[in-house]
Amino acid sequence: NAGVTQTPKFQVLKTGQSMTLQCAQDMNHNSMYWYRQDPGMGLRLIYYSASEGTTDKGEVPNGYNVSRLNKREFSLRLESAAPSQTSVYFCASSPVGAGSYGYTFGSGTRLTVV
Amino acid sequence: GENVEQHPSTLSVQEGDSAVIKCTYSDSASNYFPWYKQELGKRPQLIIDIRSNVGEKKDQRIAVTLNKTAKHFSLHITETQPEDSAVYFCAARDSGSARQLTFGSGTQLTVLP
């Protein structure tokens, strides 16, 4: 049981390049999330998907797009990377229902934009 | 939306002493409050959580208290050990359908031997 799998683990991009961060979970969770983590700022929500077929903006969506490909997979795309997007990105998933609240996080993607 | 504030940002304690981290939240409809521990270079891991119908929860050396009226909750670690050194995040669950969490800015806890 792998939990939440993120790829890649590390990436260096040049300003203006595009890339997609992949996330997959095998726990049959309904909800999935993308967060970015910057020093001193905690984890900030970029986009989330309450269930398959739905996506919504979080606190810091500008410069990003997402796709909930199916129940398992939720990808994050940077169309034109900027140095301000240098960060550690975490994907997470959560079941929905009474008594089921916790997040399971992926191992993170460390992205540097030069 | 929800806003979570966390204090202090850094905390140093001697091994064996207690550590307390405090958080406040803004949305009175929030009903779930987890705490995560993140070691350097690792993913956040859930260590304890509390729901709004409970005032206190304890798990060995870790406890969390919740004051709904004042909209604040705290993490208490007793008999601290060097392996407790990490960044700790509090969070509050949004009342929306996706149950998204809003996180505090984190506390770097250092336990000195």
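Just so we're on the same page: letters track the sequence lines, and every chain starts at 1.
- When heavy atoms are compared at a cutoff of 4.5 Å, A/F90 approaches chain B solely by way of its side chain, counted from C-beta outward.
- For the set B/L101, B/V4, B/T102, B/V87, the count of heavy-atom pairs under 4.5 angstrom toward chain A peaks at B/L101.
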Criterion side-chain hydrogen bond (donor to acceptor under 3.5 Å, both in side chains) on A/Q37 and B/Q38, from CA distance to verdict: CA-CA 12 Å; A/Q37 183 174 29; B/Q38 186 179 31; 2.7 Å; yes
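- Here the closest heavy-atom approach between residue A/R36 and residue A/T86 is recorded as NH2-O, 3.5 Å.
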Steps toward side-chain hydrogen bond (donor to acceptor under 3.5 Å, both in side chains) verdict (B/Y25, B/N3): CA-CA 6 Å; B/Y25 62 98; B/N3 182 49; over 6 Å; no
Residues A/T20, A/R77; criterion side-chain hydrogen bond (donor to acceptor under 3.5 Å, both in side chains); working and verdict: CA-CA 4 Å; A/T20 300; A/R77 183 160 178 84; 2.8 Å; yes
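- Using a 4.5 Å cut-off between heavy atoms, A/L43 contacts chain B through both its backbone and its side chain.
- In this structure, B/E39 pairs ionically with B/K37, as a charged nitrogen and a carboxylate oxygen lie closer than 4.0 Å.
- Heavy-atom distances place no part of B/Q108 under 4.5 Å from chain A, backbone and side chain included.
- Using a 4.5 Å cut-off between heavy atoms, B/P44 contacts chain A through both its backbone and its side chain.
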